[in-house]
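The structure under discussion appears below in the form of structure tokens.
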Amino acid sequence: MTNHIKVMGLGAADLEQLPLGVYRTLVKGEGVRYARTLDHPVIKALEGEGVTFESFDHVYEEQEQFGDIYETIVEQLIKEAEGRDIIYVVPGHPMLAEKTVQLLLLAEKNKRVSVSIQGGQSYLDDLFTSLQIDPIEGFQFIDATGFRRSMVEHRQHTVFCQVYDEMIASEVKVSLLEDLPPEFPVYIVDAVGSKQERIEQVPLFELDHQVELSNLTSVYVPPVSEDQLAHQFFRVRDVIAALRAPDGCPWDRKQTHESLRPYLIEEAYELIQAIDDQDDEGIIEELGDVLLQVLLHSQIGEDEGFFTIDDVILSLTEKMIRRHPHVFSDRQADDVDQVMRNWDEIKKDEKGMERPSVLDGVVEALPGLMRAQELQKKAKKVGFDWDDPQPMWEKVKEEMDEFEESLRSEAFSDQELEYGDVLFAFVNLARYYKINPELALQRTSDKFERRFKEMEAVITSEGQAMQDMTLEQLDYYWVQAKNREKGEQ
């Protein structure tokens, strides 16, 4: 019992390219010859000489996923090879972009079949010659039937193989349009190295329009200049490095982690403002400003030899994978509460030790309302919190009474502390109703600013000065501004 499959390559195109040894084996060999597809000039020529093949073209029609197609072909080949030798022919070279051969070699490692590989000229040499490109400049060879946009390095010569129908061409086009303009020139390369060779330049948006495609079709995408790739991460990273370089910008070169602190806070609040305004363009700009701060801090770390943006990204990626085992592993999480419990457990394990206090880990530099909220969240995890809002309301009233009493009899520092108790109680109440007190106060401040400026504009338009008016008069204009705003909503 031999169970042997002899894999033979048909070359890129014409029968004249077929090695003599492969030709003799196919013509004189006994038994059934199997072909992944009959759509190849060499097979047509051999059939003209009386050589017959059993093909797997029908599998392409029966299966929807390419992975299923290749696995089906391999399983059938292994079955046909039971107790005998068989020949299996593939386009081009067996070791170039031929998934079925890779699956057969894997089956050989698992002792299911023995495999030998012979001949078949790769079409890459002819491709480089016809396109007049040197792969030493950077070259990618990508299977068009299964790739992700992130795999494409546009600064290199790129060839997509197996672009054999309009659907595949369309998928390549849609992916490329994420990075390249519609008019970017790409090349349809067909039957390269043969008498039927055809190279056609088309704008990217026409890649799947009225273009003849076949099993011998590839798409060549020339290198793209860095100026056209300003939206990609490498480009902004290079820009920041240039700003921090010895011949870069004096301001950027002067910055430190400490000097940049206020800018990060400012940019974060400007982003929040854009979100509140539902301003998509503003959100884009402000997210960019926040990212700028991350990149500047990372570049400072790299300049000083401590860390780089790669370390930042690695830390984030690994943390997100570790803390989401319900996505990347086998842990179950059916709701948000379970996700948060998993997160806290994993975070505790990561630290490698128990913190002395439940409240440890809350950043002291947080704004007051945010810090109060985080401290209360920590306390709630061990049950130090009310489950009903009524005692929270009573606590607010109690603290307000104590503050009022302090104004009559206590020192300023004590009054300040009592007022802080009022705010802390209100934060607890807001947390129960799932209101972010910091954002709520921001929105109220925005509302006050809008109404005050509206009132101010009306008074000025009437030739009056606010400082000359009584509080009752100002309140009249305030109510007008308030009513106008409500009427517009």
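Note that this is a predicted model, so its numbers are computed, not measured.
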What I want to find out is whether [X] reaches [Y] closely enough, with some N-O distance under 4.0 Å, to be called a salt bridge.
X      : Y      : value
Lys378 : Glu374 : no
Glu98  : Arg36  : yes
Glu398 : Lys395 : yes
Asp385 : Arg431 : yes
Arg443 : Asp276 : no

Derivation of the side-chain contact (heavy atoms from CB on, under 4.5 Å) call for Ile309 and Phe233 = CA-CA 11 Å; Ile309 188 64; Phe233 185 73; 3.7 Å; yes

Would you give the length of the straight line joining atom [atom1] of [X] to atom [atom2] of [Y], rounded to the nearest 0.5 angstrom?
X      : Y      : atom1 : atom2 : result
Asp280 : Ile275 : CG    : CD1   : 10.5 Å
Phe141 : Ser122 : CZ    : OG    : 7.0 Å
Phe306 : Ile300 : CZ    : CD1   : 12.0 Å

Starting from the C-alpha separation in whole Å, work towards a yes-or-no answer on side-chain hydrogen bond (donor to acceptor under 3.5 Å, both in side chains) for Asp277 and Gln273.
-> CA-CA 6 Å; Asp277 294 341; Gln273 182 67 59; 3.1 Å; yes

Within the 3.5 Å criterion, strictly below it, is a donor on [X] or [Y] matched to an acceptor on the partner's side chain?
X      : Y      : result
Asp289 : Gln293 : no
Thr158 : Gln140 : yes
Tyr123 : Ser218 : yes
Asn342 : Gln338 : yes

Phe412 atom CZ, neighbour heavy-atom count above 12 within 6.0 Å = no

Indicate the ring-plane relationship of Phe328 and His324, choosing parallel, tilted or perpendicular according to the 30° and 60° boundaries.
-> perpendicular

Between Tyr60 and Tyr164, what is the ring plane arrangement, given parallel below 30°, perpendicular above 60°, and tilted in between?
->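 Perpendicular, since the angle between the ring planes exceeds 60°.
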
Given Asp303 and Gln299, is the side-chain hydrogen bond (donor to acceptor under 3.5 Å, both in side chains) satisfied, shown in steps?
-> CA-CA 6 Å; Asp303 294 341; Gln299 190 61 47; 3.0 Å; yes

Got [X] and [Y] here, is their nearest side-chain heavy-atom distance under 4.5 Å?
X      : Y      : answer
Arg237 : Asp310 : yes
Gln376 : Val427 : yes
Val221 : Phe184 : yes
Tyr269 : Pro367 : yes

Is a donor on one side and an acceptor on the other found under 3.5 Å between the side chain of [X] and the backbone of [Y]?
X      : Y      : answer
Ser259 : Gln255 : no
Gln415 : Glu410 : yes
Arg198 : Glu212 : yes
Asp311 : Thr308 : yes
Arg261 : Glu258 : yes
Thr444 : Leu441 : no
Ser170 : Met167 : no

Full working for side-chain hydrogen bond (donor to acceptor under 3.5 Å, both in side chains) between Glu472 and Tyr476 = CA-CA 6 Å; Glu472 289 75 12; Tyr476 168 79; over 6 Å; no

Among Val163, Ile199, Leu207, whose side chain to side chain contact (heavy atoms under 4.5 Å, CB included) with Ile188 holds?
-> Leu207

Go through the steps for Ser214 and Asp39 under the test side-chain hydrogen bond (donor to acceptor under 3.5 Å, both in side chains), then give the verdict.
-> CA-CA 8 Å; Ser214 73; Asp39 187 12; 5.7 Å; no

Intermediate values then yes/no, side-chain contact (heavy atoms from CB on, under 4.5 Å), Glu270 and Glu267 | CA-CA 5 Å; Glu270 288 182 0; Glu267 300 301 351; 3.1 Å; yes

Tell me, with the steps shown, if Lys377 and Lys380 meet side-chain contact (heavy atoms from CB on, under 4.5 Å).
-> CA-CA 5 Å; Lys377 285 182 182 178; Lys380 180 178 177 63; 5.7 Å; no

